[in-house]
Amino acid sequence: MDMAQLSSTLLYIAFVLYLIGTFFFGGAIRDKRKERQEKDRWSQLGISVTIIGFLAQVGYFVTRWIAAGHAPVSNLFEFTTFFGMMLVAAFIIIYFIYRVSVLGLFALPVALLVIAYASMFPREISPLIPALQSDWLHIHVTTAAAGEAILAISFVAGLIYLIRVVDQSKPSKRTFWLEVVMFCLITTLGFVIVSTAFGLSGYEAKFTWVDKNKQTDEVSYDMPALVGPHKGELMKESAGRMEPLVEMPAIINARKLNTVIWSLIAGTALYIMLRIFLRKRVAAALKPLVKNVNLDLTDEISYRAVAIGFPVFTLGALIFAMIWAQIAWTRFWGWDPKEVWALITWLFYAAFLHLRLSKGWHGEKSAWLAVIGFAIIMFNLVAVNLVIAGLHSYAGT
Amino acid sequence: MEHVKCECGHVNPHGTAFCESCGKPLADLGEKLILDMRYEGSARRSQTYKKTMIDQIWAFFSSVKVGVALIVITLIASAIGTIFPQQMYIPPNVDPAEYYKQQYGWAGKLYYELGFNNLYGSWWYILLIALIGVSLVICSLDRVVPLYRALKRQGVKRHPRFLERQRLFGVSHVSDLDKTMAVLKERLAARRYHVREEDGHLLAEKGRFSRWGPYVNHIGLIIFLIGAMLRSVPGMYIDRVMWIPEGETKEIPGTNGRYFLKSEKFIFETYEKGKDNEVFNAAIDRVGNGMIAKNYQTNVVLYKRVGPVIPGAKPKLEKVKEYPIRVNEPLEFDHYALYQVDFRLNEPKAMSFQLADKQSGKTFGTVTVDLYDPKESYNLGHGYRVELLSYFPDFEFDEDGNPSTKSRVPNNPAFVFKMYAPDRPKGETSFVAIQQTIEPFGNNKYKMAFAGLQTRNVSGLTVRRDFTLWILGVGGAIFMIGLIQGMYWNHRRIWVQRVNGELWVAAHTNKNWFGLKNELRRLLDGTGVMMPADQLENDKKAGQGGQVHGHGTA
């Protein structure tokens, strides 16, 4: 087995272990009423499996590094996977500080979703373009990802806080927004499911289309075209594939929009099914899992994660980024969308810390802020990479 | 200025919430169970004086609410700027008004009309950043001075009403007060607390320097912003573009004629299957063989001028060094940096023609015309000679139908040759352009047959000199130090006092209460002293709590 193959296998093993870990942490919650000994055993199993999974993923990272000759953080798949790995690392550290099992029950699924999402993008090892050939690639990207991952733990703790504290007995703004968060997470799962399903079935439909500069081009859909490209026509080899229901103007990337629509459809279907099956809001169904959670401690974890993560993020996503930009792009700052969104993320958490430290925004307010912060990080990861194309090389993948 | 004298004898500035020395509340606290420890209850200018205009401006900018509002507005504005590309990222040779409308429809038109195409350079965005800067300075000054005062003057012995209003507070009855005190003192010191003792009371404190973290990082930010502002001062910042073809030596712009650069060669490489690491094959296949760039490199020689600058005279040059400029590896010298940023491949450099007999095809020698610096006459020997009468580097017919040139760049070179031969002593005229030959004065015997094009690569380099970089570096470093100082350390204080034969323990931290509680537990374990209760939690359990306020301190 060669290095690249070994690397993929290790990632797969890590993924499965995180999944198993999630169930163990679930067991730790379920057995809370039983004797303490029992609960600790579940948690210990959970954290052990998580650590082994993390080591497997480190193995993936190292072997892929050896195979490629550069740190595997050079495309969207690699970066997002690394972000997932850092999320698990951050969880392990926070777990050993606070020993809260329920955190694992929520942090691991988020990491799983992140890694699954990553795997939907081209996974082959790509060579480095000249701008990326620098040691700062490893230094900047890994530190930035680590910072974001620690901040994501703040979201996980905040989410637990909200599920526990939001009154589910009657519908309100709070229940609505909490359901929106749930829906987003489920839609990510929807994206993974439809991508995998159409990927396995080998669906392909090729279109010719006319771009905004009136040039004819080809585009290949890997999902049935609900929205077609501008003046799109199915090519001969794709005869019989589904004709688009609606045609998009040239400035919109119809293929990506099509994927988004499919993900939304799958996510909505999943969500509705869950609601019918559970007969209550998703967050309400999760509530029993967190009913023994110590609110003050959860609040503190959420804040602590920001306190630890913010300096790491600043160092990686702004300072190291500026140093590298000065070397590679001749200027330390150029208002590239990715740079701007790093600044936005930084400003947001700066506001978070000021509100918390000086205005006394604790508890629920702070938890909502942690959720918004994570939404900004995800926007940075998903939308800025895929929609707002800039200098950063992941765009357009 | 009014002063408030506390019963302990300490004189406090007007506006102090509780005595700087003993902590006795000076203002009416009402029903509040826990003391607001933010800024140690010190008298902040913004909270105390609100009469004059300056007071009001001061109070406005010192408000965290205003600071956060400014941050949020900047955040939203910044996000708007990423909806469509900024003007600096659109093609340089198009009309932006047209471009935004054509590419993004009515939304693009609106974006342009609102000036969002240059958002980050707009006066109002810069004003926002400047206001944040002002807020940083005033916020910091308003707090750090009284906070420093209060922390420096804090006494060991505290008023009982101060202790019982701490979040962590407990009363214990121990058999031997002196012994317990001694044990606690020893344990506290072992945990690296700085312990002060006064009349048998203890104040243990650690990590006070973390309280200065926010102010240190604000200073760093201000230095950074000043550095960014200095960029607009003439001479601080040079940003020039330099196009240099292979084989040429040119003055480096922005160096006032002090430095020259010769390009030996421009190298452009791509990843290719078979040549590069096999694991890249799949990626290369997806994009296309030879489509992924591997290297952009200009091999250069840097020269320095020796002697004075004499206009018109050829400069005397001294070689400084040879260097391959690559992306990520700029050539650095004397505060300047030369970056590889662009290139043009295979630009025409010279064209070769053979003087040939049209009928027999026999040739009589080759003429090579430098497209940038053509000679007028070319002697081929044996009585054969060619003269270049006219040269049009970028040929077109003008409005009157006469041949002319659009520019000096040889995009479409055309020549008027006069060919002399032993049998044509008066010469024949021939107009030669790409793919066409015109013989204006009838049929010629000879022709100029195209014999080849010499090309060369041109490197696009950026020349930078930025004297503000070190300021930005210093600002950034101070910011990071302040951030780590404030975030990774906590200011913890533990008061142990004898009050009426009882042992009172109170504790405060500016953050990470979980850590402080753990530390207290270990500290008190086996001493017979009760673990202080968390009055905030008790408060909440009793159902009086509601929104939690005021146990965080900057």
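Order of the sequence lines sets the chain letters (A, B, ...), proteins ahead of strands, with each chain counted from 1.
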Min side-chain heavy-atom separation [X]-[Y] under 4.5 Å:
{"X": "B:Y39", "Y": "A:S358", "answer": "yes"}
{"X": "B:V279", "Y": "A:M3", "answer": "no"}
{"X": "A:I301", "Y": "B:F514", "answer": "no"}
{"X": "B:V327", "Y": "A:Q133", "answer": "no"}
{"X": "B:Y488", "Y": "A:I308", "answer": "yes"}
{"X": "A:K359", "Y": "B:V68", "answer": "no"}

*Which atoms of B:Y296 come close to chain A, meaning under 4.5 Å heavy atom to heavy atom: side chain ones, backbone ones, both, or neither?*
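Contact with chain A involves both backbone and side-chain atoms of B:Y296.
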*Where does B:L472 contact chain A at under 4.5 Å (heavy atoms): side chain, backbone, both or neither?*
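Side chain only.
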*What is the ring orientation for A:H70 with B:F280, classed by angle as parallel under 30°, tilted 30 to 60°, or perpendicular over 60°?*
parallel
*Relative to each other, are the rings of A:W335 and B:Y125 parallel, tilted or perpendicular (30° and 60° limits)?*
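Ring orientation of A:W335 relative to B:Y125: perpendicular.
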*So, the side chain of B:N510 versus the backbone of A:L357: is there a donor-acceptor pair under 3.5 Å, distance only?*
no
*Are the side chain of B:N512 and the backbone N or O of A:R304 linked by a donor-acceptor pair below 3.5 Å?*
no
Is chain B contacted by the side chain of [X], its backbone, both, or neither, given a heavy-atom distance below 4.5 Å?
{"X": "A:V312", "answer": "both"}
{"X": "A:Y98", "answer": "both"}
{"X": "A:L343", "answer": "side chain"}
{"X": "A:L128", "answer": "both"}

*asked:* side-chain contact (heavy atoms from CB on, under 4.5 Å) for B:M487 and A:L353? Distances and angles first, verdict last.
replied: CA-CA 10 Å; B:M487 288 288 146; A:L353 287 169; 3.7 Å; yes
Which atom of [X] lies closest to which atom of [Y], heavy atoms considered:
{"X": "A:G334", "Y": "B:Y89", "answer": "O-OH, 2.8 Å"}
{"X": "B:L483", "Y": "A:P311", "answer": "CD2-CA, 3.6 Å"}
{"X": "A:V340", "Y": "B:S78", "answer": "CG1-O, 3.4 Å"}

For the [atom1] atom of [X] and the [atom2] atom of [Y], what is their distance to the nearest 0.5 Å?
{"X": "A:R331", "Y": "B:D239", "atom1": "CZ", "atom2": "CG", "answer": "10.5 Å"}
{"X": "A:I327", "Y": "B:E329", "atom1": "CD1", "atom2": "CD", "answer": "10.0 Å"}
{"X": "B:F224", "Y": "A:I319", "atom1": "CZ", "atom2": "CD1", "answer": "8.0 Å"}
{"X": "A:E300", "Y": "B:K517", "atom1": "CD", "atom2": "NZ", "answer": "7.5 Å"}
{"X": "B:T82", "Y": "A:W341", "atom1": "OG1", "atom2": "CH2", "answer": "5.5 Å"}
{"X": "A:H354", "Y": "B:I71", "atom1": "NE2", "atom2": "CD1", "answer": "5.5 Å"}

_side-chain contact (heavy atoms from CB on, under 4.5 Å), that's the test. Do B:L469 and A:F332 meet it? Break it down for me._
CA-CA 9 Å; B:L469 283 182; A:F332 64 92; 4.1 Å; yes
*Hey, which of B:A79, B:G515, B:G81, B:G67 has the most heavy atom pairs under 4.5 Å with chain A?*
B:A79
*Looking at B:L75, B:V72, B:D285, B:T74, which makes the most heavy-atom pairs under 4.5 Å with chain A?*
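Ranked by contacts with chain A, first place is B:L75.
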*Take B:F479 and A:W346 through the test ring pair (Phe, Tyr, Trp, His ring centres under 6.0 Å) and record every step on the way to the result.*
CA-CA 13 Å; B:F479 176 76; A:W346 183 80; 5.7 Å; yes
At a heavy-atom distance under 4.5 Å, which candidate from [options] has the highest pair count against chain B?
{"options": "A:G69, A:A67, A:A350, A:A351", "value": "A:A67"}
{"options": "A:A4, A:P249, A:A307", "value": "A:A307"}
{"options": "A:T330, A:I125, A:L347", "value": "A:T330"}

Please determine whether the number of non-hydrogen atoms from other residues, nucleotides or ligands lying under 6.0 Å from atom [atom1] of [X] exceeds 12.
{"X": "B:R326", "atom1": "CZ", "result": "yes"}
{"X": "B:E278", "atom1": "CD", "result": "no"}
{"X": "B:M88", "atom1": "CE", "result": "yes"}

